[in-house]
Number of protein chains: 2
Amino acid sequence: MQDILFDFLSKYITLTEEEKNSILSLDIFHSIKKGTILLKEGQRTKESYFVLKGCIRAYYVIDGEEKTTAFYTEMEGLTPPCVISKTPSEYYVSCMEDNILIISNSDMEVAVNGKFPKFETLCRILSEELLAKQRIDFDSFKTSSPEQRYLNLIQNRPDLIQRVPQHQLASYLGIKPQSLSRLRARILEKKS
Amino acid sequence: MQDILFDFLSKYITLTEEEKNSILSLDIFHSIKKGTILLKEGQRTKESYFVLKGCIRAYYVIDGEEKTTAFYTEMEGLTPPCVISKTPSEYYVSCMEDNILIISNSDMEVAVNGKFPKFETLCRILSEELLAKQRIDFDSFKTSSPEQRYLNLIQNRPDLIQRVPQHQLASYLGIKPQSLSRLRARILEKKS
DNA sequence: CTGACTCGTTCACTTAAGTTAAGAAATATT
DNA sequence: AATATTTCTTAACTTAAGTGAACGAGTCAG
């Protein structure tokens, strides 16, 4: 389990045994059951989540309706905006599956960053990379139609279509479940 | 001019005179004429841009059509994804107005980060903050209609509506210029 | 086993965005 | 100043998404 994490980190920085042990001593690995809600609207938290196994979802409740805006799967991490802005959360985070997560909190990160500058470099690189990736996702969302977005999703994250209920996928694509259903039928139609 | 920058930075970290001079010696301030294209599709670059005065725009050319995805105005900065991924750029960046920009390049940043750990902290904090802000923008885009997006824009960046041509605003909102025109007429209709 | 609920799909209808075209208004060019 | 060119708006028509309702399949709880 730790190996998965350290393999991932080794792509960015080289850690000594001491540093690895320092991470492990923080007791950040957690098994979380499907359906668990990690964060609720209005709640204050300092926790970040990193998925080693499973899938978590971020969603808003607007006019009583769930609006899913993000899914995080293996080797993806989420620091809720409310952790950065130090305000109550605007959304929910819940577990789609039984998960193995790394849960860290920002106090902890500040402490570790102070002790090992290498971690600060790691955090900077990860943030910058994530920022660039998210920028591209946003641009692609803006410049394409719902149908094209769905086709892109099939290309880029085919697993999601299997793991996740259609109505959540729909709002992830910025449309209603009925429209996704119709759009899928339309695509099948075209293929034949 | 330098003061604008250091005032901004002072919100995040405290710099010594030595550190300030070290920044100034890099010769990063540039006056750039309206219409200048800072980055073209296919081009490789290591440059980041930070707007002290003016407005720059990022846009794709898809099927011969410009698709504007972002505007950056005073105290906003852009590191093109291609700088992070070290690949040719997928989009263009151009100047909407006569600008005063800070142009830095990533080699320079690596050097400064190595010399002053404080800069690394600054970069990390700015990236994390920007990531959170952009996440919220993306979520809000996904969960709202074109009309609502336009109303949000009036609330959040009223200056843009004045400074920027409608047809560029339209693609920024994910729609066609004609739709924006119609949508504006519809809103006026409702008000009366 | 049964009734309640969720989920995905389909349908008919409404609403809004895309498309194509035309023209007015503002800007830039010569 | 006259002529292009770009920008914005309007209109008619097409296409696709939103809405409300209904239905069957599967899931859950009593």
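Just so it is clear: chains get the letters A, B, ... in the order the sequence lines come, proteins before strands, and each one is counted from 1.
Protein atom CD of A:Gln178 is 8 Å distant from nucleotide atom C1' of D:dG18, rounded to whole Å. A:Ile161 places its CD1 atom 17 Å from the C1' atom of C:dC7, with the value rounded to the nearest Å. Between A:Glu65 atom CD and D:dG20 atom C1' there is a gap of 13 Å when expressed in whole angstrom units. One can place NZ of B:Lys176 at 16 Å from C1' of D:dC8, the figure rounded to the nearest angstrom. If you measure from atom CD of B:Gln168 to atom C1' of D:dC8, you get 13 Å, rounded to the nearest angstrom. The interatomic distance linking B:Lys142 (NZ) with D:dG18 (C1') rounds to 19 Å, in whole Å. Taking atom CD on A:Glu147 and atom P on D:dA16, their separation rounds to 7 Å, with Å as the unit.
Looking at A:Glu109 and A:Ser104, their side chains do bring a donor and an acceptor atom within 3.5 Å of each other.
Side-chain atoms of A:Phe141 and B:Phe138, non-hydrogen and from C-beta on, do get closer than 4.5 Å to each other.
Comparing B:Lys34 and A:Leu180 by the nucleotide of DNA chain C whose heavy atom lies nearest to each, the residue mapping closer to the 5' end is A:Leu180.
Of the candidates D:dT7, D:dG18, C:dA16, D:dG18 carries the atom nearest the A:Ile175 side chain, counting heavy atoms from C-beta on. Listed candidates were C:dA17, D:dT10, C:dG8. Nearest to the side chain of A:Gln166 is C:dG8. The side chain of B:Arg182 lies closest to C:dG18, out of D:dT7, D:dA16, C:dG18.
Residue-environment remark: NZ (B:Lys20) exceeds the threshold of 12 foreign heavy atoms within 6.0 Å.
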